[in-house]
Amino acid sequence: MVLADLGRSIRNAIGKLGQATVINEDVLNTMLNEICGALLHADVNIRLVKQLKDNIRKSIDFEEMAGGTNKRRLIQRGVITELMKLVEPGNKPYQPQKGKPNVFMFVGLQGSGKTTTCTKLAYHYQKKGWKTCLICADTFRAGAFDQLKQNATKARIAFYGSYTEIDPVIIAQKGVEKFKKEGFEIIIVDTSGRHKQEASLFEEMIQVSNAVNPDSTVFVMDASIGQACEAQARAFSESVDVASVIITKLDSHAKGGGALSAVAATGSPVIFIGTGEHIDDFEPFKAQPFIQKLLGMGDIEGLVEKVTEMGLDDNEELIKRLKHGLFTLRDMYEQFQNIMKMGPFSQIMSMIPGFGPEFMTKGNEQESVSRLKKLMTIMDSMSDGELDHPKANELFSKESTRLARVARGSGTSVTEVKELLSQYKKFADVVKKMGSMKGVFNGKDMNPKNVNPMQMQKLNQQMAKMMDPRVLQQMGGMGGLQNMMRQLQNAGMGGMGGLSGMGGGRFK
Ligand code: GDP
Ligand code: MG
């Protein structure tokens, strides 16, 4: 994804602040120019880029900053705040309410991904226990009903449509009435694609809207059309009351910036992003975590939520041991299992501090998973004594016949077993470091609602600090979290550093 390049460029520009001996106007200007160049390159609207630059400049007053103030941090914070503003217009999205019908109407250009995204949204709510259904009010495109029907059937979602009725207004009205009567909570109306110039289709959209009176009109925007997004977004929000936006195809070669900045034209918040054709390629969008992920700062909150969703947080025992600095091969094995269970690898990866947005897309997912499986096969050939040993590395180096036995048993080589052990050591070191971090592994309840945001922020900051190039230098030979992450990443194992804490999951 090209957004990954944007993230990398901004990170590099900010990183240079750390290398400069003195931070003055010149250094700030150079950094701002680099950031703005990167944003423009990613298709972000030039007016917005200029505004961002002015705002950052205004927020930084060298004269006012006391000698001892950490200018670098202040500038970083300024950049992050402005980037967040860029993708967050400040309006709150519609929050559906349980026990009552919540009608969503989808609008957008033909081919932007409405039908696909309807199903994704329905599936998202269904997984969370809402009574969910889909209505096909697209009579314009041949085969539209079949497409929705197929999607809905696959995901076991109730649906409504007609092969004979040609008036979309009637279908939408009937469908919504029927599902309301049946007590459905999330009612999603899919409409036909429109081009900004097609006045008749716009008229039809307004009629459907008047007929079903949606609680929320969702504008689906295809990121791959780049700068053109803005004009489209404006045209739609001028004729219907766009309550929220879903950006699709952020996995494609789309530069992304066009879509992200077009959101400003609607004044409506982005609620989800689509990152692929599959029903699972769908992520809730929140400005702060998005920017943090873009800059490789991770999304601890998202991780905690994911873990809770998967029910992987039931791991008291591990937490207790981590607090005592104990992390065995078996613990690592269990972490790997958790990773596998959590599904879309790439989504998880991009939430882990230290991993850039490279992981917002699937990339080498297949390869990473098969790597993990291989490592697990090696561990399958180990004895209980080895798996549970507090210092497995020492055990193996003292009695090298163990290496040969495990290699033989798992159909691998001694070198591969050694590699596994060295990965384990690095992994364990990071996990122990996290374990000793104040406030990471205590607390009893990790429901994200109960997670103390201050604590979360602190953890994020600690992570960011660990990745700060200057701090890394100070840590000298130790290499720090980032190096370690990179190594894991190279090994195709990525992310266990973060997942370890997470699988155990007491981020409170
Ligand atoms: P509609 O005309 O607005 O209903 O668009 P569709 O839902 O039929 O989607 C058009 C095409 O875009 C289909 O081939 C979808 O599989 C594809 N598509 C939708 N969302 C995404 C996405 O997030 N990523 C990618 N790569 N393709 C998508
Ligand atoms: Mg469609």
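Positions are given from 1, in the same order as the sequence printed here. When a ligand or atom number is given, it counts from 1 through the structure's own listing order. We use all heavy atoms of the structure for the numbers below, so side chains are in, but hydrogens, waters and symmetry mates are not.
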Can you find an N or O of [X] that's nearer than 3.5 Å to an N or O of ligand 1?
X: D190; value: no
X: T116; value: yes
X: D281; value: no
X: L250; value: no

Which N, O or S atoms belonging to the protein are less than 2.8 Å from the Mg ion (ligand 2)? T115 OG1
Give a yes or no on whether the ring-centroid distance for F236 and F219 is below 6.0 angstrom. yes
Under 4.5 Å between any side-chain heavy atoms of [X] and [Y], yes or no?
X: V245; Y: I271; answer: no
X: K53; Y: N33; answer: yes
X: L260; Y: F290; answer: yes
X: T132; Y: E185; answer: no

Students should be able to answer this: which protein heavy-atom is nearest to [atom], and at what distance?
atom: atom 5 (O) of ligand 1; result: G113 N, 3.0 Å
atom: atom 18 (N) of ligand 1; result: K249 CE, 3.8 Å
atom: atom 10 (C) of ligand 1; result: G111 O, 3.6 Å
atom: atom 26 (N) of ligand 1; result: D251 OD2, 2.8 Å
atom: atom 1 (P) of ligand 1; result: K114 N, 3.5 Å
atom: atom 4 (O) of ligand 1; result: T115 OG1, 2.8 Å

Counting only heavy atoms closer than 4.0 Å, does ligand 1 sit against the backbone of L109, its side chain, both, or neither? backbone
Report the part of T117 in contact with ligand 1, treating N, CA, C, O as backbone and CB onward as side chain, heavy atoms under 4.0 Å; options are side chain, backbone, both, neither. neither
Do we see a donor-acceptor contact under 3.5 Å between the side chains of [X] and [Y]?
X: Q147; Y: R141; result: yes
X: D190; Y: T115; result: yes
X: K128; Y: Y123; result: no

Please identify which of these residues, F282, F106, F104, meets the ring pair (Phe, Tyr, Trp, His ring centres under 6.0 Å) condition with F272. F282
Applying side chain to side chain donor-acceptor pair (under 3.5 Å), can you list everything that pairs with D167, at least two apart in sequence or on another chain? none
Is the closest heavy atom of I273 to ligand 1 under 4.0 Å? no
Is G276 near ligand 1, meaning one of its heavy atoms is under 4.0 Å from it? yes
Winner among E277, K120, R141 once heavy atoms are compared against atom 27 (N) of ligand 1: E277
Per-atom contacts, ligand 1 versus [X] - under 4.0 Å to a heavy atom:
X: Q147; result: 6 (P), 7 (O), 8 (O)
X: T275; result: 23 (O)
X: G274; result: 23 (O)

Partners of S261 by side-chain contact (heavy atoms from CB on, under 4.5 Å), sequence neighbours excluded? V44, N45, L48
Who pairs with E177 by side-chain contact (heavy atoms from CB on, under 4.5 Å), at least two apart in sequence or on another chain? Q173
Decide side chain to side chain contact (heavy atoms under 4.5 Å, CB included) for I273 and T248; before the verdict, give the C-alpha distance in whole Å, the side-chain angles of both, and the deciding distance to 0.1 Å. CA-CA 6 Å; I273 54 174; T248 61; over 6 Å; no
Step by step, work out the salt bridge (charged side-chain N to carboxylate O under 4.0 Å, His left out) result for D222 and K249. CA-CA 6 Å; D222 175 348; K249 309 189 196 179; 3.3 Å; yes
Under 6.0 Å from the NZ atom of K174, do we count more than 12 heavy atoms belonging to anything else shown? no
